[in-house]
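The shown structure was predicted, so the numbers you read here are calculated from the model rather than taken from an experiment.
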Amino acid sequence: MDDQLDGLRALLAQVHRNHAGAAGGAPAAYIPELAAVDPELFAVAACSVDGPAASAGDEAHAFTLQSLSKPFLYGWALDQLGEGVVHAHVGVEPTGQAFDSMIRLEQDSHLPHNPMVNAGAIAVTGLLLEAGADLAGLLTFLGTCAGRGPLGVDVPVWLSEREHGHRNRAIAHLLRYFGVLTAPVDATLDLYFRQCATLVDVRELAVMAGTLANHGRCPTTGVQALSPEANQRVLAVMSTCGLYDAMGRFLFDLGVPAKSGVSGGLIAVASGRLGLAAFSPPIDAAGTSLRARAALAELDERLGLHVFGPRSAAYHPTDEAADLERAIDDALEQVPHVAGRGTVASYAAPLARVDPERCGVAICTVDGTVVARGDSAERFSMQATANAFAYARTTELLGREAVHARVGVEPSGNPFHAVQLDQRSGRPFNPLGNAGAITVAGLAPGADEASRLRGLLEFLSSAAGERVGVDAELLDAEWTAGDRNRAIAALLRAAGCVDDEEAALQLYLQQCCVTVDCVRLARMGALLAAGGRPAPGVTPLLSQRAVRDTLSVMYTCGLHDGSGEFAWSVGIPAKSGVSGAIVAVVPGRMGIAVWSPPVDHRGTSVRGKRLLEHLSASLRLGVFAGPALGATVRPQ
């Protein structure tokens, strides 16, 4: 234990030296007290689930939590009020917008999209206030997470926030207008500003991150600060929303849930292993400390923390076929088809005439065991589930840099077929929506249409373990109904994302019309679960890096504007398609395919998603699952 702690201290000291001279960013200017902080301050710390914490740099300097309080506030509210109450007032979806944006709040249900943005945290604060929570209770709870007594508040920072927090006041009044916030605005904001002004040092912050890594139990005291149920929900929302409109990139690169604060603090959580913390005041436009992010990125790489990295694919437990069969049978019994929930895609005749009562489920483990139930041998088109595998193949062939010069990795908060690019980069937000998938198709190697399609089909056939082909009738129908995708392709050509819009659109529609059944699709998922190897002892089809990148974007973007809720309720990488198919991946364990044609407005199979929720709960599949959880309460 002492040797391990000494090694961690030495690593932190080295990382601190490596990044102490880094330039860039500036302290937050909109809060005068934060703007006056010394920009050269810098500290890093870590706390394993066994404790204690180790640190380097300005470890004794106290700073305010700011938005670092949000995940803990959310977890506390889940335990105090219950998931049903909390998620009647706040969702769990990424916004694609800045932390203090009001744009999404004006749209849709008028609920804050998630509890990590200011609107969501203010709404949660109001709920706690109405339930009788006060500052003393909150500071005691935060102190418990930090392994000590109650934390304190930096009064000058609190007063500065109260005086200059006009945007947060506008958000609170808008929440009140929509009926989301029913507590008094002034009292809610006072508690919100005080929690943001709560003081910690970097070691205490690392212990707080370690508490989240330890399934809610403080590593240094052994006190259960959060229930395992709440803790898992916190990590799920952090993994998709913790760095706002920059979280997709963070998870893509580092692969761990994280949360930033405009004071310069940053935490990252390697579930079951350790919590990391860093502090340095200069922040970027997204509100994240540049020096802290660079330091945590190096620690993440050297410690191998990425949740979809080689460690996850190397873990090959043996799932007994009988257990899998029971789990599927139970899920099918618990989630019968309910008429009126979802509709079969009708824009193309071959999709529209499919029997909505059909339903298949298949699991393929990484050791090749296949369990299937229902209409698992019925053929259906891959539709957008093909996007994940096309991205993996193109990344493998061309390299991630070539692909991501033209497409990003951020969840957009938009529908899958949105005719919209990221205004900041001029590229598609990610490779799994229609715009990103058409861009990736435009990069596919090949001298002509036939060679490009042949190469893709050979890869998909190898992944599926059997030959796959294109449904010609459906392809004709897709071409006929393809004006929206033509609009997207034209936009991509105008933006320089594709060189030949016709060729890109051709391959994209062809891959959507590839037909598989549940068993073939589950095998394809198992390829990703096994780190790119189609079977034990067989030459890999994909590198571990290509698999890691693919699983990362599937986790944050695979269900488009429903990806956050899927990560919250199911907790594994997945990709849906409007045919009613969903492919899901449990790294190191299995691929899962479900097919049920009625889909919701997001293009996701209604029954398929519920089946995956039950399978995840019964087989404990979530990537951040800790001790056994209770029943799921779905966010509204």
**Student:** Between K609 and D600, does any NZ, NE, NH1 or NH2 come within less than 4.0 Å of an OD or OE carboxylate oxygen?
**Tutor:**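 Looking at D600 and K609, the cut-off is not met.
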**Student:** With a 4.5 Å heavy-atom cut-off, do L528 and V547 have their side chains touching?
**Tutor:**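 Sidechains of V547 and L528: in contact.
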**Student:** Determine yes or no for a side-chain-to-main-chain donor-acceptor pair under 3.5 angstrom, with N430 supplying the side chain and E410 the backbone.
**Tutor:**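 Answer holds: yes.
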**Student:** Using the side-chain hydrogen bond (donor to acceptor under 3.5 Å, both in side chains) definition, which of the options N434, N387, T439 pairs with Y508?
**Tutor:**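 One option only clears the test, and that one is N434.
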**Student:** Main chain of T288, side chain of R293: is a donor-acceptor contact present, judged purely on distance under 3.5 Å?
**Tutor:**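 Answer holds: no.
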**Student:** Below 30° counts as parallel, above 60° as perpendicular, anything between as tilted: where do the rings of F380 and W595 land?
**Tutor:**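 Parallel, since the angle between the ring planes stays under 30°.
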**Student:** Rounded to the nearest 0.5 Å, how far apart are CZ of R393 and CD of E458?
**Tutor:**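 Going from the CZ atom of R393 to the CD atom of E458 covers 8.0 Å.
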**Student:** Give the intermediate values and the outcome of side-chain contact (heavy atoms from CB on, under 4.5 Å) for residues V585 and K575.
**Tutor:** CA-CA 9 Å; V585 180; K575 185 70 196 79; over 6 Å; no
**Student:** Rounded at 0.5 Å granularity, tell me how far CG in L243 sits from OG in S260.
**Tutor:**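 Reported to 0.5 Å precision, the distance equals 4.0 Å.
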**Student:** Taking all non-hydrogen atoms of both residues into account, name the closest pair between N168 and I122 and its distance.
**Tutor:**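 That closest heavy-atom pairing would be O-CD1, 3.8 Å.
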**Student:** Among side-chain atoms of R291 and S280, is any donor-acceptor pair under 3.5 angstrom?
**Tutor:**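 Side chains of R291 and S280: pair found under 3.5 Å.
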**Student:** Please round to the nearest 0.5 Å and tell me the distance separating atom CD of Q232 and atom CH2 of W568.
**Tutor:**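 Between Q232 CD and W568 CH2, I get 9.5 Å after rounding to 0.5 Å.
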**Student:** One pair to check against side-chain contact (heavy atoms from CB on, under 4.5 Å): V583 and F389. What are the steps and the verdict?
**Tutor:** CA-CA 11 Å; V583 59; F389 300 97; 4.1 Å; yes
**Student:** Looking only at atom types and distance, does a side-chain atom of H306 sit under 3.5 Å from a main-chain N or O of L251, one as donor and one as acceptor?
**Tutor:**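 A pair under 3.5 Å: yes.
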**Student:** Within the structure provided, determine whether V269 and K259 are in side-chain contact (heavy-atom separation under 4.5 Å).
**Tutor:**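 A side-chain contact under 4.5 Å is absent here.
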**Student:** Working note: E449 + Q510, criterion side-chain contact (heavy atoms from CB on, under 4.5 Å); need CA distance, chi angles, decisive distance, verdict.
**Tutor:** CA-CA 10 Å; E449 179 185 354; Q510 288 163 349; 2.6 Å; yes
**Student:** Is the shortest heavy-atom distance from the side chain of T385 to the side chain of V516 under 4.5 Å?
**Tutor:**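 Result no, sub-4.5 Å side-chain heavy-atom pair not found.
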**Student:** Got L542 and F459 here, is their nearest side-chain heavy-atom distance under 4.5 Å?
**Tutor:**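 Yes, at least one pair of side-chain atoms sits under 4.5 Å.
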**Student:** Any side-chain heavy atom of L235 within less than 4.5 Å of one from L212?
**Tutor:**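 Contact flag for L235/L212 side chains = yes.
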**Student:** Quick one: does E93's side chain have a donor or acceptor within less than 3.5 Å of a partner on E565's backbone?
**Tutor:**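 Checking the backbone N and O of E565 against the side chain of E93, a donor-acceptor pair under 3.5 Å is found.
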**Student:** Can you confirm if the aromatic rings of H404 and Y391 lie within a centre distance of less than 6.0 Å?
**Tutor:**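 Yes, the ring centres sit under 6.0 Å apart.
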**Student:** Rounded at 0.5 Å granularity, tell me how far CG in L615 sits from CE in M590.
**Tutor:**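 So the gap between those two atoms works out to 8.5 Å.
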**Student:** How close do A444 and L507 get, heavy atom to heavy atom, and via which atoms?
**Tutor:**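 Answer, listing the atom of A444 first, then L507: CB-CD2, 3.4 Å.
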**Student:** Looking at H560 and G562, would you say the former's side chain and the latter's main chain have a donor-acceptor pair under 3.5 Å?
**Tutor:**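 It does not hold such a pair.
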**Student:** Would Y74 and N114 count as having a side-chain donor-acceptor pair, cut-off 3.5 Å?
**Tutor:**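 The criterion, which ignores hydrogens and geometry beyond distance, is not satisfied for N114 and Y74.
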**Student:** Does S543 offer a backbone N or O that forms a donor-acceptor pair with the side chain of E396 under 3.5 Å?
**Tutor:**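 Looks like yes, one N/O pair under 3.5 Å.
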**Student:** Applying side-chain contact (heavy atoms from CB on, under 4.5 Å) to S563 and T240, what does each step give before you reach the verdict?
**Tutor:** CA-CA 8 Å; S563 299; T240 57; over 6 Å; no
**Student:** For V344 and V354, work out which heavy atoms get closest and say how close.
**Tutor:**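 The pair with the smallest heavy-atom distance is CG2-O, 4.4 Å.
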**Student:** If we ignore hydrogens and angles and just use 3.5 Å, is the side chain of R548 paired with the main-chain N or O of G531 as donor and acceptor?
**Tutor:**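 Looks like no, no N/O pair under 3.5 Å.
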**Student:** P282 versus L290: any side-chain heavy-atom pair under 4.5 Å?
**Tutor:**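 P282 vs L290: side chains apart.
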**Student:** Would you check if the side chain of R493 reaches a backbone N or O of D499 as a donor-acceptor pair within less than 3.5 Å?
**Tutor:**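 Here the side-chain-to-backbone pair exists.
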**Student:** With a 4.5 Å cut-off on side-chain heavy atoms, are P428 and L421 touching?
**Tutor:**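 L421 vs P428: side chains touch.
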**Student:** Distance check, rounded to the nearest 0.5 Å: R610 atom CZ versus S605 atom OG?
**Tutor:**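 The distance works out to 11.5 Å.
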**Student:** At their closest point, which heavy atom of L527 faces which heavy atom of A463, and how far apart are they?
**Tutor:**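 Closest pair (atom of L527, atom of A463, distance): CD2-CB, 3.6 Å.
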**Student:** Could you tell me which non-hydrogen atom of C497 sits nearest to which non-hydrogen atom of G426, and how far apart they are?
**Tutor:**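 Minimum heavy-atom separation between C497 and G426: SG-O, 3.6 Å.
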**Student:** Any side-chain donor paired with an acceptor under 3.5 Å for S569 and E613?
**Tutor:**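 On atom types as modelled, these side chains qualify, holding a pair under 3.5 Å.
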**Student:** Would you say that M382 contacts M524 through its side chain, given a criterion of any heavy-atom pair below 4.5 Å between the two side chains?
**Tutor:**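 Heavy-atom side-chain distance check passes, below 4.5 Å.
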**Student:** Could you tell me whether the side chain of S579 and the main chain of Q383 form a donor-acceptor pair under 3.5 Å?
**Tutor:**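 A pair under 3.5 Å: no.
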**Student:** Look up atom CG in D561 and atom CZ in F416, then write down how far apart they are to the nearest 0.5 Å.
**Tutor:**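 So the CG of D561 and the CZ of F416 are separated by 9.0 Å.
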**Student:** Taking all heavy atoms of A121 and all of L73, pick out the closest pair and write down the distance.
**Tutor:**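 Shortest heavy-atom separation between A121 and L73 comes out as O-CD2, 3.7 Å.
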